[in-house]
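In each ligand, atom 1 is the first atom listed, and ligand 1 is the first ligand listed.
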Amino acid sequence: MINLVLFGPPGSGKGTQASKLVEKYHLIHISTGDLFRYEMGNDTPLGQQAKSYIAKGELVPDEVTIGMLRNKVEAHQDAKGFIFDGFPRTIRQAQALDALLTGIGTSVSALIALQVDDEEIVQRIKLRGASSGRPDDSDENVIRNRIEVYKNETTPVFDYYAQTGKSHSVNGIGSIAEIFGRLADIMDSL
Ligand code: ADP
């Protein structure tokens, strides 16, 4: 299996690149943000639990997120591999992911971080907010809080996988095709 952690701040283009990677490498794409939005859209108990955190730009508690992720991975044990998008966002989530993958006889192959600076991110997310209907994309304070949370709680995950030589970074500025080329170069070297 090839298991990629697609990493980077909110608005860095993970979702866009994940769809292209799925086409080329036939991996199962798991976006915890998309899963939460699906649950909120259906007003499920899980969606109701997640809603207030997402509205503020805070992380949903680890036990909720990890449980949801585990169900999704276990439903696709025959996959060629996974692209994790928006997960893990804390060290605890990374440890849970490692344990889960070990349990099915595999592991994280690589983490690739898309590098985009803060001001570009704020502009991109506001633009997306104009058409996405995502309330967390329409309020600048919430956007800036998400960037802060990313720096404080999520960037340690990059260092965590760097310890085993699995972390890579690519420039996340450029055309969609250019950025995809940078990701594919790393994927093809795994
Ligand atoms: P973005 O990358 O633009 O911030 P996502 O769609 O990945 O958007 O996530 C939207 C929101 O869902 C996050 O701000 C957070 O509240 C919640 N969320 C998504 N993934 C996780 C996770 N792994 N752990 C905790 N909360 C998460």
- Mind checking whether Thr65 contacts ligand 1 via backbone (N, CA, C, O), side chain (CB onward), both or neither, at a 4.0 Å heavy-atom cut-off? side chain
- Task: Test Asp118 against every option in Arg124, Arg146, Lys151 by the salt bridge (Lys or Arg N to Asp or Glu O under 4.0 Å) rule and name the one that passes.
- Result: Lys151
- For atom 10 (C) of ligand 1, which candidate among Arg134, Met40, Arg146 provides the closest heavy atom? Arg134
- Message: Evaluate Ser31 for polar contact with ligand 1, using N/O atom pairs at a separation under 3.5 Å.
- Response: no
- Note on the structure: Taken to the nearest 0.5 Å, the spacing of Arg37 CZ from Thr32 OG1 works out to 8.5 Å
- Message: Any nitrogen or oxygen of Asp136 lying under 3.5 Å from a nitrogen or oxygen in ligand 1? Just yes or no.
- Response: no
- Do Tyr161 and Asp98 meet the criterion of a side-chain donor-acceptor pair at a distance under 3.5 Å? yes
- Task: From the options Glu153, Arg37, Arg128, Lys14, select the one whose nearest heavy atom is closest to atom 3 (O) of ligand 1.
- Result: Arg128
- Using a 4.0 Å heavy-atom threshold (strictly under), name the region of Glu58 that reaches ligand 1: side chain, backbone, both or neither. backbone
- Query: Would one find an N or O of Thr32, backbone or side chain, under 3.5 Å from an N or O of ligand 1?
  - Reply: yes
- Return yes or no for this condition: an N or O of Pro9 is under 3.5 Å from an N or O of ligand 1. no
- Parallel, tilted or perpendicular: rings of Phe82 and His76 (30°, 60°): perpendicular
- Note on the structure: So for Arg92 against ligand 1, with non-hydrogen atoms under 4.0 Å, the contacting part is neither
